[in-house]
Asks: 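The structure is given below, and queries will be raised subsequently.
These numbers come from the heavy atoms of this one structure, side chains and all, not from hydrogens, waters or symmetry mates.
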Amino acid sequence: MKFPWSHSTLVEVLKNDAKLHHKCDKVCEDIASRKLDLSEFVEELGPALTHEEPAMRLKATSLLSSVLEKLPTDFLSEQQLDFLVTFYCDRMKDHHTIIPTILDGLLALANMNHIPKGAACKLLSSLFLSIPCQSQAKGDRSKYMNIIKKFSETHEEELKSMGPDFVYGVIGAIDGERDPRNLIFLFNFIPTFLARYSLFHMVEEMFEVFACYFPIDFHPNQNDPEPITRDMLAVKLEDCLCGTKEFAEHCIVLLLEKLDSTLNIAKLDSLRLLIKCCHVFTIAEIQPQLDDVWKALKLEMLPGSGNKEVFDLALEATKKVVVAAQTDSKIEENFLTNVFISLLGGISDVASKLFNNSIKIALECASASSGAALFVTNKLVPLILSQLHIDTLGALQKVALIEALQQILYVCKEMGVLLQLDKEIVGAAQKQFIQILVQEDDASELKKLAFTSVTNIPQVIADENRFVVYTNIVHILLSAGNEQLNVEDCLYQFAVHYSVEVMNVIVDKLVAKNYDSPSPSTLRIFNALACLLPLEPMREKIVQFFLNLVFAHTQQEVGILVLQSLEVALQKPTASVLAEELHTKYNLIDKFNEQVHEKSSSYTSDYLYAMSTLMKALMKQLSPEVQKKIVTKHLTGMDLTRLTDLYLTSGVLGYLDESITIEDHFENLVHDLTKLSLNAEDENVKTLCDHLLCSLFNRMPDDEHHRNVLMKMLAFLREELKSHNKRVVGILSWIGKGLLARGHPLAGELVDDIADLLDHPSLGHAAALAFEVLSAEFPALHLPLIKNLFKQKLFVFVMKKLEQKVEQYGETHLKALVFVYKIAPHLVLKMNMEKVGPILLKCLSVADDHVLVTALKIVLHFVKEEDVFFRDHLQTLLPQLSKLAAFESSMKVRILALECLLYTTKYPPFLLLPFKQDVLTALQAALDDHKRLVRSAAVAARLQWFLIGTSKPDE
């Protein structure tokens, strides 16, 4: 097939045809279907390609490049591509206006599969020689770099044969790039390039190309739909600066230079780069500058600039250097020696201002490796111990020294080197701890530290010292001593290592005590014993002791404490073995059943509630198969009109696995539970019934029988509502919660029913509280079926029902909405801000503390983000916040209002200036508030409002 245009008309067509791109598509189709030969196409284009007018050559080249872009990448043969390569190499010398279309063609060629051998070198050599990259427009530079990237990935061996010329060309192309998107592209591409190609003698030149960007100074365009942030550029630049081992020396020199800057951002970027260097380079490559590195780090920490972020990052960088140095013990020792020489003055004098920072540095170094832990401990501990013998040592100074001693030994424990420490050092350290345990009062901070210390290192505490620890534990437990002393953890750690000793000295003594009536120490003793239940050697004795107290007709108050302690033990992740034994070996649930059904027995509601809670914790740990057997055995004979059976049923069903069906009992259960909830005088009974109803309706099978039960129950409750019974509203909310969580279709209908009651004169308050039930999370409530986005569904239901009545809202409506907003994801609120915003502003005028606190927290979140809605409603928001800053009945409301006022200063000053004087006047009263936290918040807010409209000082 011949070319569709003749020579005589081709130039005219290119000059005048507005729909040339459609004909370009037709040419592509013809070439792809082999109706038209590409060589003939180029030949026919000849007159236009060589036309004396650059504009005509531009159109012809653009047509050719467009055709190449649309052809399949495997379509052209080597011969055809060789012909095109020669053509484009020649075209690169053409007029500068034609360069963009030439780059389009080159990029199309770079993507072709059958590029002939030598063509990549030929093309790139001509490209580097004829077209300076940085003289092109932003988009054309992007194409230029893409051409280099594509050829470097697909023709690696060929381009390596160019030697330094190729690297030189790449450097020339990328040097001086300023566009952030092109820089992101380069920062992603260059690390891969550096891994593939040698830089020859141009290591420094390549490094300097990227060093000029460090640290990144960039402010993103706020209107960019896909903004590039400074942090994105900074992180990717680090990859380039550490892209090859050959950069190590230059990189360290660069970061040390920038670390000396007065700008915090330069310091932070330099420290992050140092951390990156420690990950990428070997210690041998860093070692020549290691002394300079420590000198620079030392200046940032001893005493440092006062910036916590810089100090913390310098601390982390120091640790990373030690981590890197652990591969060479000699370098590690030399570096740690230099560090310790610098720290010596601060550590040797606890009264020094450098003491705390010096200790932090020493601990950070110790946590880097086991060798560093040993080195630091052997140097640090003697210095601390020597100061503890000073007669003039103050109380706070002694606390600081003991705390440092405790911390370094804890690091040794974490690093696994406790047993490798010098025995004299360990002995001297534990002597200090034991002296404190013997001499100090239980309420002292020193005793707390001593307990923490021995808890961390039980395996190295000497025999005679262990018995001092045991004596202290027993004394504190029996005397109801300072609860801040964590003797339970200490007891457990020593029991792990010395189970026989702990059993004989502590457990036997505690279980032998008389517990006929509860004392202030009883619960703590039981909790301490319960924490030992995971340990097999002690489990049997402690369980039998507990069960004897529960089933031996002791006072019910003591039994309740035992049940609570056992429940805490069963809540732990390692409680499965204990649960299995309590069920199979001790038949706990059977014993509870027998106990409460004894004819002469009478149990308080508190005891039965504790029993039920323990049974739930036990069932939660058992397998579904075991749970099913328990349900089959115990559920049939239950009569929920008896209080004991209600609590037993709650214990059995409270955490039942969703796979276990109870359809034979379902209708009777929900009927009886509803009746009990409506009539119960005991709050525990009502809570049990409500939770069980919620769980049962959440797990009920979705079949006709169960739907009929649900419909019958709802009909009954709606009938009961006619008597204005507030409890009915509560029951509806619990049933609705169970249905909502599982995504039941009737959930929306129930939410609507409750929302309708918000206008009711006597049931409105109960309806508002019902929304708290619908939205809040209850740790003791088990919902086996939870669908995703159920919180969002509740938001949608409520907004759909109430959004049309904003002006008519009373306090009950606002309270209900606030409960829903509280649990709704922030993004959902943000997407619906036009509806949510006015309601939040209305909530700020309510006198209810709970509504105000929740609404202010939500408003604060939006104000921190400089939300547009609140920016446009400052005339409403600011007077309300100023008024709430003096809200008498709640300190939380005052503080939150002041925080909101503080963050409103982030809005543009021209919007805030009209309100400045009124806000400052309102804040004056808060400065004299009787609560210190309120005064502090008022000072911060007032200071920022004073600065509005004034020129900011140079940072």
Asks: Would you say the side chain of M145 lies within less than 4.5 Å of the side chain of E177, judging by non-hydrogen atoms?
Replies: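 Answer yes - side chains close enough.
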Asks: Can you find a heavy atom in the side chain of M202 that is under 4.5 Å from one in the side chain of Y168?
Replies: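 Side chain of M202 against side chain of Y168, heavy atoms only: contact under 4.5 Å found.
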Asks: D165 versus S125: any side-chain heavy-atom pair under 4.5 Å?
Replies: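 Result no, sub-4.5 Å side-chain heavy-atom pair not found.
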Asks: Do the non-hydrogen side-chain atoms of S152 and F189 ever get within less than 4.5 Å of each other?
Replies: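 Side chain of S152 against side chain of F189, heavy atoms only: contact under 4.5 Å found.
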Asks: Quick one: pull up CE in M206 and OG1 in T244 and give me the separation to the nearest 0.5 Å.
Replies: 10.0 Å
Asks: Quick one: pull up NZ in K236 and CG in L241 and give me the separation to the nearest 0.5 Å.
Replies: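 With rounding to 0.5 Å, NZ (K236) is 14.0 Å from CG (L241).
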Asks: For the CD atom on E866, are there more than 12 heavy atoms of other groups (residues, nucleotides or ligands in this structure) within a distance under 6.0 Å?
Replies: yes
Asks: Donor-acceptor pairs are to be reported for all side-chain atoms of residues 247-263 against protein atoms at under 3.5 Å, with residues two or more places apart or in another chain.
Replies:
{"from": "S261", "atom 1": "OG", "to": "L263", "atom 2": "N", "distance (Å)": "3.0"}

Asks: Test salt bridge (Lys or Arg N to Asp or Glu O under 4.0 Å) on D867 and K830 and set out the steps.
Replies: CA-CA 9 Å; D867 183 76; K830 192 168 187 175; 5.6 Å; no
Asks: Look at atom OH of Y903 and say whether more than 12 heavy atoms of other residues, nucleotides or ligands are closer to it than 6.0 Å.
Replies: no
Asks: Can you confirm whether K122 sits close enough to T86 that some side-chain heavy atom of one is under 4.5 Å from a side-chain heavy atom of the other?
Replies: yes
Asks: Output the distance between atom CZ (R91) and atom OG1 (T50), rounded to the nearest 0.5 Å.
Replies: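 If I round to the nearest 0.5 Å, the distance is 7.5 Å.
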Asks: Rounded to the nearest 0.5 Å, what's the gap from CD on Q792 to CG on N832? Could you check?
Replies: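 Rounded to the nearest 0.5 Å, the CD-CG separation comes to 11.0 Å.
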Asks: Please check if atom NZ in K93 has more than 12 non-hydrogen atoms from other residues, nucleotides or ligands closer than 6.0 Å.
Replies: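 Atom NZ in K93 is not crowded, with 12 or fewer foreign heavy atoms closer than 6.0 Å.
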Asks: Which of parallel (below 30°), tilted (30 to 60°) and perpendicular (above 60°) describes Y197 and F193?
Replies: parallel
Asks: What class does the angle between the rings of Y213 and F187 fall in, given that below 30° is parallel, 30 to 60° is tilted and above 60° is perpendicular?
Replies: perpendicular
Asks: Within a radius of less than 6.0 Å around NZ of K245, do more than 12 heavy atoms belonging to other residues, nucleotides or ligands occur?
Replies: yes
Asks: Looking at Q79, I'd like to know if its CD atom is crowded, meaning that more than 12 non-hydrogen atoms belonging to other residues, nucleotides or ligands lie closer than 6.0 Å.
Replies: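 No - once you tally the heavy atoms of other residues, nucleotides and ligands closer than 6.0 Å, there are 12 at most.
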Asks: Can you tell me how far CD1 of I361 sits from NZ of K298, rounded to the nearest 0.5 angstrom?
Replies: 10.0 Å
Asks: Is there side-chain contact between C121 and F166, with at least one heavy-atom pair below 4.5 Å?
Replies: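 The answer is no; the side chains never approach within 4.5 Å.
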Asks: Assess the side chains of K138 and N182: does a donor N or O sit below 3.5 Å from an acceptor N or O?
Replies: no
Asks: Got a second to check how far L911's CG is from T904's OG1, nearest 0.5 Å?
Replies: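 One finds 11.0 Å between CG of L911 and OG1 of T904.
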Asks: Is R272 paired with E309 through a side-chain N to carboxylate O contact shorter than 4.0 Å?
Replies: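 Yes.
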Asks: If you define the side chain from C-beta out and look only at heavy atoms, does anything of D140 sit under 4.5 Å from I99?
Replies: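 Result no, sub-4.5 Å side-chain heavy-atom pair not found.
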Asks: Can you tell me how the ring of W294 sits relative to the ring of F335, calling it parallel under 30°, perpendicular over 60° and tilted otherwise?
Replies: perpendicular
Asks: Name each donor-acceptor pair under 3.5 Å that joins a side chain in residues 285-292 to protein atoms two or more places apart or in another chain, with its distance.
Replies:
{"from": "E285", "atom 1": "OE1", "to": "T282", "atom 2": "N", "distance (Å)": "2.9"}
{"from": "E285", "atom 1": "OE1", "to": "T282", "atom 2": "OG1", "distance (Å)": "3.3"}
{"from": "D291", "atom 1": "OD1", "to": "N338", "atom 2": "ND2", "distance (Å)": "3.0"}

Asks: Side chains of L127 and Y144, heavy atoms from C-beta outward: is any pair under 4.5 Å?
Replies: yes
Asks: Salt bridge (Lys or Arg N to Asp or Glu O under 4.0 Å) between K143 and D104: does it pass, once the steps are laid out?
Replies: CA-CA 7 Å; K143 297 172 193 172; D104 288 333; 2.8 Å; yes
Asks: Please walk me through it: do S65 and Y88 pass side-chain hydrogen bond (donor to acceptor under 3.5 Å, both in side chains)?
Replies: CA-CA 10 Å; S65 295; Y88 273 100; 2.8 Å; yes
Asks: Can you name the residues that form a side chain to side chain donor-acceptor pair (under 3.5 Å) with S142, not counting sequence neighbours?
Replies: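 If we apply the side chain to side chain donor-acceptor pair (under 3.5 Å) test to S142, skipping adjacent residues, there are no hits.
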Asks: Taking the six-membered ring for Trp, are H114 and F75 closer than 6.0 Å centroid to centroid?
Replies: no
Asks: Should R57 and E53 be marked as a salt bridge (Lys or Arg N to Asp or Glu O under 4.0 Å) after you check the CA-CA gap, both sets of side-chain angles, and the distance that decides it?
Replies: CA-CA 7 Å; R57 298 200 301 277; E53 292 183 19; over 6 Å; no
